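To start, the structure itself, in structure tokens.
From a predicted model like this one, the values you see are computed outputs, not experimental measurements.
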Amino acid sequence: MSGSPAPAARAAASPAAGHLLAELDPEQRAAADAPLGPICILAGAGTGKTRTITHRIAHMVVDRGVGSGQILAVSFTTRAAGELRGRLRAMGVPGVQARTFHSAALRQLQHFWPAVAGGPLPRPESSKIPNMMRAAGRLRLRPDRAELRDLTAEVEWAKASLVAPGDYARMAAASGRETATPAEAIARLYAAYEEVKWEAGVVDMEDLLLLTAAMIEEHGFVATEIRARYRHLVVDEYQDVNALQQRVLEAWLGERDSLCVVGDPHQTIYSFAGATPRYLLDFPRRYPDAAVIRLVRDYRSTPQVVGLANRLVQAAPGTRLVAAAPDGPPPVWLECDSEADEAAAVASRIRALIARGTPASRIAVLYRINAQSEAYEAEIGAAGIAYLVRGGEKFFARTEVVAALRLLRAALRSADTDRPDGLADTVADILSALNWRADRPSAGSGAEREQWENLAALHRLAADLAARSPQAGLAEFVAELGDRVTHEHQPTVEGVTLSTLHAAKGLEWDAVFLVGLADGTLPLVHAKTAEQIAEERRLLYVGVTRARTHLILSWALARADGRRSRCPSRFLDDLRPVRRGLGPAAGGRGGAGSAGTTGSAGTKGAAGTKGQRGAAGGTGAGDGPSRGRSAVRCRVCGRALTGAQARVGRCDGCPGDVDGALYERLRAWRASTARELHMPVFVILTDASLQAIAECRPHSVAELVQLPGIGQVKLDRYGQAVLDLVAGRTPPAMPARGLP
């Protein structure tokens, strides 16, 4: 792909940008008014990237004479694409194609495939599971539901990474993929899946992209027509592009370079699915003439939230977000005795926020995996608070919403003129047939409240449309709903959002609860490599930057069994405030006691440590260094260490001498011991402790106890086994016992 300027596209930036750019900040304005050639916008969380690219597109059309139909804007979700279209329509710029990669590819395939292939396009199937089950059956495999889901994810990764079945085993090993099923078996299943799919005459989502790229690459008339139609490309969330999507993008572009990409490497959280920030970070190298503009003014979050986010990713100068919002409350840290207490404490604080005027729809509870939602659903529902689980049943597929849409369409076709004059009142009258009333019910089951909220969301859409367009009637409202159904653009439902961190990306709330922040959950126990750990850290960063004002971070010291064996997430080590004389707030890593907690929840989920209820939510007494415990020093240069370096026992810049063979023996022993004792591997010894052991190779108890992470309990239970491994001896099997 050429990086040279395209003469027809290289229009100079306008000397005086039009009125469309007047309200942008200097960096946004520079991005919106940059020349039509390659441009890379590095947009931090909350810096107004959607505002910037919509103004850039509108400026291209209104002030530079670019035809709106010549622009293709690509995003990763139908919601984001719908928001782009909606904003552009409001700015008087309809006609721009804003689609997901898959939607754009499907549209092009439907148009060109009959001419290219001489027949209809195979039927697209959104789910791989049925054909994966058939492929497994051919190989006489009987994976359970969870195994089938994991195997399907591996096939999706391979296809997104342009890895063929025959290359899967080699490429999976090179990429560090860890699977319960041997790579050779997955490769055979992948090949069988492709056979089953083509025999059935269907294609999957990755096939749509692969066929589109191949069609453009191999048929000149297709390439000519597509490139003549779409002369300018905009790609949002470019840090999440995978190899297959990049191939399609390059096919669309050809030798041209009128490309605008927008992304944030700190929000790369889909590497497990093949996404890579490489294309974003290498953009200036591929396009030496590209304009690179960084947006750093965060208009979403308070300085307190922004400061924590910067520290979390250790943002370098020039990349740090700068808060434009006014001051707000400090982040709240909640340490709880158990997961049940944590859920109760969160529900209690949500109730207090709502009582003080924060709408439920502006509150979110974010967690690492879906399985964590159950406890919060139970506690929030028991508190009489409406909630919705993001990623559950789609809004427009819900029974009461389907019935409402049917009634609205029927009302539009009817000749009934005896209806209220205003659109909102008309819609309320129609919804009354479903026993809906505008007054919020004061009683009823959780399901009944949820149904009321869903219909209320439709009524609010009608009121919003009437406010924007006073002359709009039922026909316009039904048309808008049809557009929303097509693009899965659901309205805001008045309820607390429960969501995984992945599903929360791109959204924001006034108050965000980040829950379950314990090692083994975040980072997930399966994250082992440095890159996997880094991605887990970025996932927490995404969660932090969803909060506008209130940010509450919580963890539990025990699971349901009551054993206080869990540690706060290692990512919190350098973030939590420090109490003088007591170390990091909430007791530090490995400690189950409540000394030094910033806010601890007792057995009923109330604020405060046991015996000190009501004290939760403070920021800690003082922010100085820890006293009362000996400082950890670098074993190479002797410098005092804190945080992650203290756990390793060495400065990042000092050379290490890890015995690789010993490190692998230690990992194998730890995995075997974890299986015998039925506990997570990190509970035995962390990766940092294993690395320190493999570096220092202690030969005595005195040497071993000097290493970070080796306390008396660890020493008593695992010390002799570790010393045996260092000496090259095989340690005896561990007796079954409780968690340390």
Side-chain angles (χ1 to χ4, degrees), residues 143-144 146-147 150-151 154 169 172-173 175-186 369 518-533 536 558-559 561 563-567 569-570 589-590 592 647-649 656-701 703-740:
D144 61 28
E147 291 169 335
D150 291 343
L151 292 168
E154 277 304 295
S175 301
R177 308 290 291 185
E178 292 189 6
T179 59
T181 304
E184 292 74 13
I186 295 176
I369 57 175
D519 256 357
T521 303
L522 191 73
L524 208 59
V525 67
H526 302 299
K528 297 176 181 177
T529 68
E531 179 48 42
Q532 289 169 340
I533 296 294
E536 294 285 300
R559 297 183 186 274
D561 59 14
R563 292 172 177 161
R564 293 161 62 95
S565 59
R566 309 179 76 190
C567 300
S569 170
R570 69 194 71 175
R589 297 183 55 73
R647 291 199 305 275
V648 177
D657 182 22
V658 175
D659 184 330
L662 173 57
Y663 182 71
E664 291 305 319
R665 290 201 303 276
L666 287 164
R667 287 191 65 187
W669 162 80
R670 181 180 65 171
S672 174
T673 302
R675 284 193 298 271
E676 291 173 11
L677 301 183
H678 305 290
M679 63 175 65
V681 292
F682 71 88
V683 172
I684 297 170
L685 288 173
T686 66
D687 285 349
S689 295
L690 296 188
Q691 181 176 332
I693 294 166
E695 243 183 86
C696 296
R697 299 181 281 282
H699 292 286
S700 68
V701 170
E703 292 177 356
L704 180 59
V705 79
Q706 294 299 315
L707 299 183
I710 309 294
Q712 189 61 50
V713 173
K714 305 283 189 186
L715 188 67
D716 291 344
R717 294 190 175 178
Y718 312 121
Q720 189 56 54
V722 169
L723 293 174
D724 286 343
L725 287 162
V726 172
R729 300 187 294 268
T730 301
M734 292 293 298
R737 62 178 69 184
L739 292 172

- prompt: side-chain hydrogen bond (donor to acceptor under 3.5 Å, both in side chains) with T179: which residues, sequence neighbours excluded?
  reply: none
Flag for T686-R570: side-chain donor and acceptor within less than 3.5 Å: no
message: Once rounded to the nearest 0.5 Å, what's the spacing between atom CG of D519 and atom SG of C567?
response: 6.0 Å
- prompt: So, do S700 and L704 sit near enough that their side-chain heavy atoms are less than 4.5 Å apart?
  reply: no
Flag, side chain of E147 to backbone of D144, donor-acceptor distance under 3.5 Å: yes
- prompt: Atom CG of D659 and atom CD of E664: how far apart are they, to the nearest 0.5 Å?
  reply: 10.5 Å
- prompt: Okay, side chain of T181, backbone of I186: is any donor-acceptor separation there less than 3.5 Å?
  reply: no
- request: Could you check I710 against Y718 for side chain to side chain contact (heavy atoms under 4.5 Å, CB included), going step by step and ending with a plain yes or no?
  value: CA-CA 9 Å; I710 309 294; Y718 312 121; over 6 Å; no
- line: The side chain to side chain contact (heavy atoms under 4.5 Å, CB included) partners of A183 (sequence neighbours excluded) come to Y168, A169
- prompt: What are the two closest non-hydrogen atoms of E536 and A527, and how far apart are they?
  reply: CG-CB, 3.8 Å
- request: Please identify each residue that fulfils side-chain hydrogen bond (donor to acceptor under 3.5 Å, both in side chains) with R667, with sequence neighbours left out.
  value: none
message: Please give me the minimum heavy-atom distance between G176 and Q532, naming the atom from each residue.
response: O-NE2, 4.2 Å
- prompt: Where the side chain of R697 meets the backbone of A694, is there a donor-acceptor pair that is under 3.5 Å apart?
  reply: yes
- prompt: With E531, which residues qualify under salt bridge (Lys or Arg N to Asp or Glu O under 4.0 Å), at least two apart?
  reply: R538
- prompt: Checking R670 side chain against I684 main chain: does a donor-acceptor pair fall under 3.5 Å?
  reply: no
task: Please examine the side chains of R566 and T521, heavy atoms only from C-beta on, and report whether any two atoms are closer than 4.5 Å.
output: yes
message: Against I693, only a single residue in L725, L666, L723 fulfils side chain to side chain contact (heavy atoms under 4.5 Å, CB included); can you say which?
response: L666
- prompt: Looking only at heavy atoms, which two atoms of R665 and V726 are closest? And how far apart?
  reply: NH2-O, 4.4 Å
task: List for me each residue that meets side-chain hydrogen bond (donor to acceptor under 3.5 Å, both in side chains) alongside D724, sequence neighbours excluded, and say none if there are none.
output: Q720, R729
- prompt: Can you name the residues that form a side chain to side chain contact (heavy atoms under 4.5 Å, CB included) with I369, not counting sequence neighbours?
  reply: A371, Q372, L524
